Amino acid sequence: MMARFLCGFLLTVLVAGTSAQMSFLNPNFDYQTLGLQAVMTYWDKDESIHELVQVLQDQIPMNLSEPCRDAVHQWVFDLLKRESYAIAMADAAGKLPAGILLGHILVFGHFDQCMALKKLNNKTGVMESAANYCLTRLKHPLMEGKLPALPAFGVCLPHACANERDSNAFVTELFRVLRRAKELEAVQGICIKPLAKNAGFYIMASLIGLIIVTITAAAVVDCIYRRRYKESPNNLLHGSELNDVTVQIYGDSKTVNGNGLPVMTTQHTVVTQKPKYGYANVPACLKPLLCYNIMTNVRSVLSTRVEEEISFLHGFRVLSIWWIILGNTYFFGRNFFENSLSFFADIKTAKFQLILNSGYAVDGFLMVTGVLISYALLRELQKNNGKLNWLSVYFHRWWILTPVYMFVMLFYVYVLPHGIQSPFKLLIAQEGIPTDYCKSHWWTNMLYINNFIPFLKTRQCMNWTWLLALDMQFFLIAPLIIYVLYKNRIAGMAVIGALIVACVAATMSLIGYYGLPIHHWQDAVYNSTETGYDKNIDYINEKPYTRITPFVIGLALGYVFHIIPANKASNPNSRLMAAIGWTVSLVLAVPLLFGAHFAGWYVERPPQEMSVSSRIAYGGLQRLGWSLVIGWILFACQYGYGGPVRRFLASRFWRPLSSLTYGAYIVHMLTLQLHLASQIHMIYYSGLNMLCIFLAQLVLAYTVALLIAVLVEVPLLRLERLILRRAL
């Protein structure tokens, strides 16, 4: 009986209030093995506490290290004395939860309670930390292949036990008192460790501090020299702040207040400007400071002035990003649901197909990018008689994206981890620490090849930024295609057509060769190895040779927008044209969004249940079909067939949000991870909860994007213009 004494006593505390669940799981459960009766028996005897502890030292069954055994002995001794910290340690450990049959298999206990415990050090007389939190996974032969993940169990242990070996041994022996848990084993034990602030953290803190100091200095310079301008209006440095500035963008064309905000796939050239005021006699050494004038930069970002001709693209871009964020909220959030089976049941509903197919938003985004690049570069070629400053185009594209990208990455690697301390952080670390991948593969992101290297997608740095890699890779070839299109329409369209055919053929070939699933959500249930398929490797979702179709169709559409102005595209049969176009678009869109659902091909079903030929046809043609749907919407909005759709997308409301597109995309997964990974309990899945999380993430992502735009993005744009064009 004494051999089970300690484990029985601790388990008594751990399962208090959960006997109903335990009896359901095991009708033959022997409650005497909990050891409660033994505790009371030994407590009532007339032997001393020292004798009792000696018995425990001799009989304790756990295979612990000597320091851990001693610490556990002291813990039990304090438990018998009813010390508050010792009781709280047992109370903070995991307990069998309600909702196991709904997928609640991650049992965390109470993280904050454990980490906050203090006890008096009798030697120093100082209150010190009493315990550390550890998380293990539970492994049993009956679980193999039947659960999406191993169950997790959190415990609050003395500091001497806060290591993988002792935490695994402790939890393993803790469950051995259950008659049907003899083969259960705790694995992957991991405990909270103090996170030291390294050089990277201090470099980032210094950089942020330097930016704040620079902004303060810019405000002072602005006040001084603006006042002097009012006194000497004839001596003006134009361009330091603008009321209305029309900006021509390689990849966009818009009117901004101030100096404009760079967005994804943009290249900026000032066309016209109407100065509201400027600065007089500004010394050359102080001009760079004015690039950090925060009021000017804020007005640039929040301006609602738009170029009417293609203003509907702002709304389309914003809605595409929102759809992407919505899909990622569900895809990443599914790891945090306590009722995960309710979530998988919801996947089978028709409404959920809008979440599952949020990947189409990427195709829409790439098409808009292609339209903007084509439209702007063709105007630039026309303006300069067929000449293009190639070096300027490519350098500006790199300059406008990379410094911001690097800033966010450094923040993600060296600052963000200090803001998260939770069981989920340990849960994620058991599979590998994501920020460590950036320390070894950061260079692939800076070269925009992170969708190829590293080979395993689970090892990518900031694994949502593959879209930036695609964007840059497509941008590298876009000016070449546009130049050919400008010189020879037939040759240019032939190149675009060839790329579309090659893209479709490559996608079909890869699906056929590897027998790929039709949806990346199916990776978790697709274990086929006979074709060499590895679910940790990306084959078609992130690769340019399978995603370029919507982009090059966008290039062609931008060419049409350029050669046929909207005001010259009158059509006497416009109503008939609109009816046909929207009908065909709807006929294509419905099967693409809901076809797999109505055919019964749910994502949790093994992909092998759909024939390879069906997967080849669906997977190879879906992006082309969706590109045609999006292409019609953009065409209709440009040439008068859009009606209320164009009026909605062209609203001034979208303009500031469109300016923050790049920042919102690059930071949305940081804010989402910060929110979800900082939870100390599982999240209950429901449509309303997810809506609240999604809306909160939109607000948070755009708030952070605004800060990055004002502090980093816009100042760098103005600094580049100052250096290259001698104007602010």
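Model, not experiment: these values are computed from the prediction.
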Please assess Y292 against R718 for the test side-chain hydrogen bond (donor to acceptor under 3.5 Å, both in side chains), listing each intermediate value before the final yes or no. CA-CA 8 Å; Y292 287 84; R718 299 181 66 194; over 6 Å; no

Test ring pair (Phe, Tyr, Trp, His ring centres under 6.0 Å) on W399 and Y394; report intermediate values, then the result. CA-CA 9 Å; W399 172 259; Y394 286 114; over 10 Å; no

Test ring pair (Phe, Tyr, Trp, His ring centres under 6.0 Å) on Y412 and W464 and set out the steps. CA-CA 13 Å; Y412 171 69; W464 65 95; 5.7 Å; yes

Given side-chain hydrogen bond (donor to acceptor under 3.5 Å, both in side chains), test S658 with W654 step by step and report yes or no. CA-CA 6 Å; S658 178; W654 303 112; over 6 Å; no

Evaluation steps, side-chain contact (heavy atoms from CB on, under 4.5 Å), between L649 and H314: CA-CA 7 Å; L649 295 177; H314 291 299; over 6 Å; no

The test is side-chain hydrogen bond (donor to acceptor under 3.5 Å, both in side chains); show your working for R547 and N541 and say whether it passes. CA-CA 7 Å; R547 300 296 301 244; N541 191 53; 3.1 Å; yes

Steps toward side-chain contact (heavy atoms from CB on, under 4.5 Å) verdict (L555, L485): CA-CA 9 Å; L555 294 181; L485 198 59; 5.7 Å; no

Kindly determine whether T329 and Q697 satisfy side-chain hydrogen bond (donor to acceptor under 3.5 Å, both in side chains), including the steps that lead there. CA-CA 8 Å; T329 300; Q697 289 309 307; over 6 Å; no

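Cation-pi geometry between K197 and Y202 is not met at under 6.0 angstrom from the ring centre and within 45 degrees of the axis. Judged by the 6.0 Å distance and 45° axis criteria, R334 is positioned over the aromatic ring of F331.
Summarising the geometry, atom CE belonging to M508 is positioned 13.0 Å from atom OH belonging to Y618; distances are rounded to the nearest 0.5 Å. Here the straight-line distance linking atom CG of N445 with atom CE of M406 works out to 10.0 Å at 0.5 Å rounding. Distance check, rounded to the nearest 0.5 Å: CD1 of I310 to CG of L372 gives 5.5 Å. If you take CZ on F551 and OG on S374, they are separated by 9.0 Å, rounding to the nearest 0.5 Å. Taking CG of L657 as the reference point, atom CG of L302 lies at 9.5 Å (rounded to 0.5 Å). Distance CG/L698 to NE2/H668: 10.0 Å, rounded to 0.5 Å.
A donor-acceptor distance shorter than 3.5 angstrom exists from the side chain of K425 to the backbone of P417, with no hydrogens or angles considered. Between the side chain of S678 and the main chain of H675, a donor-acceptor pair closer than 3.5 Å is present.
Classification of the W626-Y360 ring pair by plane angle, with boundaries at 30° and 60°, yields parallel. Relative orientation of the W322 and Y702 rings is perpendicular, given thresholds of 30° and 60° on the angle between their planes. Ring geometry, Y405 versus Y448: the interplanar angle falls from 30° to 60°, so the pair is classed tilted.
Side-chain contact between N451 and Q473 is present, with at least one heavy-atom pair separated by less than 4.5 Å.
Checking E720 against H396 by side-chain atom types alone, a donor-acceptor pair falls below 3.5 Å.
No close placement of the F316 and W323 rings is indicated, their centers lying 6.0 Å or farther apart.
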